Amino acid sequence: MRSTPPPADAVTMPLARWYGDAARDLPWRRPEFHDEFGAWGTLVSEFMLQQTPVNRVIPHLEAWLARWPTPSALAAATTAEVVQQWANLGYPRRALWLHRAAVEITERHDGVVPRDVEALLGLSGIGDYTARAVAVFAYADRHPVVDTNTRRVLARAVLGQAQPGSPSRRDLALMETLLPEDAGESAVFNAAAMELGATVCTSRAPRCEICPLLDGCAWVAAGRPDTGDARRRQAAFEGSDRQARGAVLRILRDAAPDSVPLDSVLPEWPDPLQRHRAIDSLIADGLAEADGELISLPR
DNA sequence: TACCCGTGGGG
DNA sequence: TCCCCAAGGGT
């Protein structure tokens with residue numbers, strides 16, 4: 001006699017089966033990747049994947065790990081080298097944080113990426129998502145891993161809403177209730193939920209026809225209501241400070257390791273005040289360094 | 001909590 | 001063309 005399966009199985013079982021067939025072949029999912037780079041490889045990949053699409057990350061990840069295959073190797077690099085290697089991945093403060101995390105790992109953890117979630121959360125640039133992603137995907141421990149893809153899958157399949165709206169902490173708790181007891185199965189479930197959100201249960205045009213959760217999906221059952229789109233729109237990029245900062249930093253990256261005259265940096269920028277603000281804030285963030293009338297990446 | 005932080009590809 | 005948004009985190 002089998003007991004009635006827990007409701008969570010209605011989600012975990014079909015998802016695991018689907019993942020076995022449909023998972024993309026990504027570098028950080030290959031055994032050789034873990035053999036070669038261990039948890040460090042996972043950590044670097046997760047930093048790069050924060051808000052940067054998979055396809056753009058892959059070549060940068062390989063170059064980065066070839067140059068700095070261990071935390072201590074990166075810790076020994078200069079800020080300028082790190083920012084330049086980060087290239088056009090975007091959000092360059094992540095490069096600073098990754099560098100800082102490498103120093104922290106070297107100094108506080110004997111050069112070994114921590115396994116404990118609390119210890120991981122203590123590192124620069126690591127939050128709820130990245131800490132658990134490292135613990136689960138590098139160390140095969142049992143934790144809920146909740147990113148924007150998983151949140152969307154939970155919102156639709158379980159909560160019946162078009163987009164995630166509840167605080168992400170609540171989705172973390174919800175994911176915990178669905179997590180299989182077995183650590184290995186739970187790791188697959190975490191990866192599968194993310195993969196489904198990335199490739200099928202997408203934000204704009206979900207492909208419900210091929211979704212393994214179609215039969216039990218609360219959102220489909222409700223007639224795919226458009227939940228008023230509570231998402232906050234991303235601030236305009238054109239004319240923003242971010243655009244100005246990006247333009248300045250590109251010049252410094254291209255010139256590195258040389259300095260350039262301050263006057264030569266975006267002299268024609270439409271808003272001189274904004275140009276000044278961009279330069280100052282980059283220096284304040286540690287992404288640039290001024291020396292008299294010269295400016296460069298930090299030395 | 002809401003806002004800030006780059007960059008580029010796809011619908 | 002233009003708009004959306006992408007394996008988040010810090011403040």
Side-chain angles (χ1 to χ4, degrees), chain A residues 23-24 26-29 41-61 83 86-98 100-101 120-138 143-154 162-172 175 187 190-199 201-207 229-253 274 277-278 280-282 284-288:
Chain A
R24 292 167 294 176
L26 301 173
W28 45 89
R29 289 177 178 165
T42 303
L43 190 152
V44 173
S45 73
E46 296 298 347
F47 263 86
M48 291 186 172
L49 287 164
Q50 293 170 2
Q51 295 288 284
T52 300
V54 165
N55 290 331
R56 288 183 53 209
V57 162
I58 292 173
H60 286 281
L61 175 65
V83 173
W86 194 260
N88 62 343
L89 275 173
Y91 290 146
R93 294 191 294 187
R94 289 181 293 161
L96 252 35
W97 292 334
L98 177 54
R100 205 170 300 153
L120 286 161
L121 286 170
L123 300 173
S124 298
I126 294 192
D128 283 331
Y129 165 75
T130 305
R132 288 169 179 79
V134 170
V136 169
F137 300 135
H143 304 280
V145 180
V146 173
D147 74 336
T148 186
N149 291 307
T150 295
R151 294 191 67 205
R152 190 170 49 250
V153 170
L154 292 176
Q163 299 289 342
S166 53
S168 76
R169 279 312 181 102
R170 184 142 63 191
D171 290 333
L172 197 59
M175 193 66 177
N190 278 313
M194 292 170 60
E195 185 76 354
L196 188 74
T199 62
C201 193
T202 54
S203 181
R204 250 180 303 181
R207 303 155 64 195
D229 208 354
R231 286 172 299 173
R232 192 159 299 286
R233 261 188 57 182
Q234 204 172 44
F237 181 70
E238 190 65 30
S240 69
D241 283 12
R242 277 193 298 168
Q243 184 185 32
R245 285 167 54 104
V248 171
L249 202 58
R250 177 184 290 271
I251 292 170
L252 301 187
R253 276 200 313 264
Q274 183 177 57
R277 200 159 58 236
D280 274 3
S281 71
L282 285 169
D285 286 350
L287 284 165

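Proteins get letters first, then strands, A, B, ... in listed order; numbering begins at 1 in each. In this text the structure is predicted, and so the values were computed from the model without any measurement.
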So which nucleotide from [options] ends up closest to the side chain of [X]?
X: A/Y91; options: B/dC5, C/dA7, C/dA6; value: B/dC5
X: A/R204; options: B/dT7, B/dG10, C/dA6; value: B/dG10
X: A/Q51; options: B/dT7, C/dA6, C/dG9; value: C/dA6
X: A/S203; options: C/dG9, B/dC5, C/dC5; value: C/dC5
X: A/W97; options: B/dG6, C/dG10, C/dG8; value: C/dG10
X: A/T130; options: C/dG9, B/dT7, C/dA6; value: C/dG9
X: A/N88; options: C/dA7, B/dC5, B/dG8; value: B/dG8
X: A/A235; options: B/dG6, B/dC4, C/dA6; value: B/dC4

Do [X] and [Y] get their side chains close enough for a donor-acceptor pair, meaning under 3.5 Å?
X: A/D147; Y: A/T150; result: yes
X: A/R24; Y: A/T199; result: no
X: A/Y129; Y: A/E46; result: yes

So does A/R253 get a side-chain nitrogen or oxygen closer than 4.0 Å to the phosphate oxygens (OP1/OP2) of B/dT7?
yes

Are OP1 or OP2 of B/dG6 and a side-chain N or O of A/R245 less than 4.0 angstrom apart?
yes

Taking only residues two or more places apart in sequence, or in another chain, which ones meet A/R250 in a side-chain hydrogen bond (donor to acceptor under 3.5 Å, both in side chains)?
none

Atom CZ of A/R151 and atom P of C/dC5: how far apart are they, to the nearest Å?
14 Å

